[in-house]
S.K.: 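Have a look at this one.
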Number of protein chains: 2
Amino acid sequence: MPEKRVDNRPSAAHNTLAEAQHILHEHLTQLGLKRSSQRDTILRVFLKTRDHLSTEELHTLIKKHDPAIGYTTVYRTLKLFVQCGLAAEVEFRDGVARYEHSLNRRSHHHMICTRCGDSVEFFSPEIEELEHRIGKKFNYLTIQHSFQIYGICESCQKKLTDAVAATGAQ
Amino acid sequence: MPEKRVDNRPSAAHNTLAEAQHILHEHLTQLGLKRSSQRDTILRVFLKTRDHLSTEELHTLIKKHDPAIGYTTVYRTLKLFVQCGLAAEVEFRDGVARYEHSLNRRSHHHMICTRCGDSVEFFSPEIEELEHRIGKKFNYLTIQHSFQIYGICESCQKKLTDAVAATGAQ
DNA sequence: ATTGCTGCAAACGATTTGCATGAGG
DNA sequence: CCTCATGCAAATCGTTTGCAGCAAT
């Protein structure tokens, strides 16, 4: 196991929170909206995850910090985060909207296991290039793209072959 | 209004229908399911479209051929088509499931206008290659991928600039 | 004071299922 | 005959909205 993945930017987490809060408050001001303790709490908890959370999952986490915060507030706040670029919706084909943070996050894509929902991220600069090329070709003003690979992860493959072996042995 | 459609591959349409029906019936037999006139009608109407139809839109078309066929049957039949590879679900981000035929259809992707829902198809071999490369790298057995570009089509861009010009002129 | 925010409950809309009846093998 | 298919109505589930009371500016 080489590469333990050390973060060479010492206080990255704290800086990210401060930066994110600044972006959110700026966004609120611009739209004539107001700060609230709930929104700050939701942002703080959201930034602490690296997962792809559904609104409900995030709400569950939020309640541990402040049980009074309701589902609707989390739902509406996530939309705010998307508006100001702090969060991005990701498509996992499991019937719920999922969000990840998108601040200081290098453009990436997901490969998702359709059995267990596990996912890995990968990088692919050629996809960005492709978006621009195709947009130009058909005179579209491109906004974004969505790219996912669906498959079966190593551990689920193992479970499947084991199951087949067991059936065959009977 | 029969058979206006000019096709330079003489009996391509007929062959596709025959092939599709064969695939469907084979699939039904394998699962111990039964043929039905409804399923055949739905397949016939579905194959005649080149659009990306929602279940409801397809149901509307179906009713012109046989008003007795219900929404649920169309819904369940589309799932069958997906199972046996006759149809594929496409993601248009408009909140409804959309299907296109996938038989004898070269692999392609979509660029979708988020204003009017218009879409263009494009081809990109590098995407297929990427799916395999990433799958191998992370030991995933890849099944499929999903790639869409979202943007604003030429005609909607025009409408937008016109609208801005009108506001500015007042 | 004014205006936005919150949390509840209710509305919503697409999808999915239960069930009695009808059709396929 | 037995099993599956059908179509209706009802249930489901994530999402979205209306509203009365609360909080921020």
Side-chain angles (χ1 to χ4, degrees), chain A residues 21 24-46 52-84 87 89-99 117, chain B residues 21 24-46 52-84 87 89-99 117:
Chain A
Q21 244 157 9
L24 175 60
H25 296 159
E26 200 67 22
H27 181 69
L28 294 174
T29 306
Q30 277 187 12
L31 294 181
L33 306 179
K34 292 167 180 171
R35 290 185 54 168
S36 78
S37 68
Q38 288 95 328
R39 283 172 178 168
D40 285 344
T41 302
I42 294 168
L43 180 58
R44 212 158 354 94
V45 175
F46 177 67
H52 310 103
L53 297 174
S54 68
T55 311
E56 183 160 27
E57 286 165 359
L58 182 56
H59 181 220
T60 303
L61 289 179
I62 298 286
K63 278 190 292 189
K64 293 179 188 166
H65 293 253
D66 183 346
I69 296 180
Y71 176 91
T72 309
T73 302
V74 176
Y75 165 79
R76 285 193 268 231
T77 304
L78 275 170
K79 299 246 147 170
L80 266 181
F81 290 176
V82 172
Q83 270 176 36
C84 62
E89 195 174 331
V90 288
E91 305 245 15
F92 271 46
R93 289 221 179 146
D94 61 352
V96 292
R98 296 191 168 278
Y99 301 87
Chain B
Q21 243 157 9
L24 175 60
H25 296 158
E26 199 67 22
H27 181 69
L28 294 174
T29 306
Q30 277 186 12
L31 295 181
L33 306 178
K34 292 167 178 169
R35 291 183 53 167
S36 78
S37 69
Q38 287 93 329
R39 283 172 178 167
D40 285 344
T41 302
I42 294 168
L43 180 60
R44 212 161 350 98
V45 175
F46 178 67
H52 310 103
L53 296 174
S54 68
T55 310
E56 183 161 26
E57 285 164 359
L58 181 57
H59 182 220
T60 303
L61 290 178
I62 297 287
K63 278 191 292 189
K64 293 179 187 166
H65 292 252
D66 183 347
I69 296 180
Y71 177 90
T72 309
T73 302
V74 176
Y75 164 79
R76 286 192 268 231
T77 304
L78 275 170
K79 299 246 146 168
L80 267 180
F81 291 175
V82 171
Q83 270 175 37
C84 61
E89 196 175 329
V90 288
E91 306 246 13
F92 271 45
R93 290 219 178 146
D94 60 354
V96 291
R98 297 192 168 276
Y99 301 87

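Computed from heavy atoms alone, side chains included, the values below leave out hydrogens, waters and symmetry copies.
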S.K.: Any side-chain to backbone donor/acceptor pair from A:His59 onto A:Thr73? Under 3.5 Å, distance only.
M.R.: no
S.K.: Check whether any side-chain N or O of B:Thr73 sits under 4.0 Å from OP1 or OP2 of D:dG7, and answer yes or no.
M.R.: yes
S.K.: Think B:Arg39 has a side-chain N or O under 4.0 angstrom from the OP1 or OP2 of D:dT6?
M.R.: yes
S.K.: Are A:Glu57 and A:Val96 close enough that some pair of their side-chain heavy atoms sits under 4.5 Å apart?
M.R.: no
S.K.: For a 4.0 angstrom threshold against heavy atoms of chain A, report the outermost contacting nucleotides of DNA chain C in 5' to 3' order.
M.R.: C:dT3 to C:dA9
S.K.: To the nearest angstrom, how far is B:Leu80 atom CG from D:dT6 atom P?
M.R.: 9 Å
S.K.: Rounded to whole Å, please give me the gap between CD in A:Glu89 and P in D:dT15.
M.R.: 8 Å
S.K.: Taking all non-hydrogen atoms of both residues into account, name the closest pair between A:Arg35 and A:Leu28 and its distance.
M.R.: CA-CD1, 4.0 Å
S.K.: On DNA chain C, does the nearest nucleotide to B:Tyr71 precede the nearest nucleotide to B:Leu33 from the 5' side, or the other way round? Give the residue.
M.R.: B:Tyr71
S.K.: Given atom CZ of B:Arg93 and atom P of D:dT15, what is their separation to the nearest angstrom?
M.R.: 14 Å
S.K.: To the nearest Å, give me how far apart NZ (B:Lys34) and P (D:dC4) are.
M.R.: 6 Å
S.K.: OH of B:Tyr75 versus P of D:dT12: gap in Å, rounded?
M.R.: 15 Å
S.K.: How many Å lie between CG on A:Asp94 and C1' on D:dC13, as a whole number?
M.R.: 13 Å
S.K.: With distance as the sole test, does A:Arg39 use its side chain to make a donor-acceptor pair with the main-chain N or O of A:Lys34 at under 3.5 Å?
M.R.: yes
S.K.: Could you tell me which non-hydrogen atom of B:Lys79 sits nearest to which non-hydrogen atom of B:Tyr99, and how far apart they are?
M.R.: CE-OH, 4.2 Å
S.K.: Once you round it to whole Å, what is the distance between C1' of D:dA24 and CG of A:Leu31?
M.R.: 16 Å
S.K.: Taking OP1 and OP2 of D:dT15, is either one under 4.0 Å from a side-chain nitrogen or oxygen of A:Lys79?
M.R.: no
S.K.: Can you name the closest pair of heavy atoms from A:Glu89 and A:Ala97 and give their distance?
M.R.: OE2-CB, 3.7 Å
S.K.: Respond yes when some side-chain nitrogen or oxygen of B:Ser36 is under 4.0 Å from OP1 or OP2 of D:dT6, and no when none is.
M.R.: yes
S.K.: Quickly work out the B:Gln38 CD to D:dC4 P distance and round it to whole Å.
M.R.: 17 Å
S.K.: Between A:Phe46 and A:Thr77, is any pair of side-chain heavy atoms under 4.5 Å apart?
M.R.: no
S.K.: Classify the nucleic acid contact of A:Glu56 as base, sugar-phosphate or nothing, counting any heavy atom under 4.0 Å across all strands shown.
M.R.: nothing
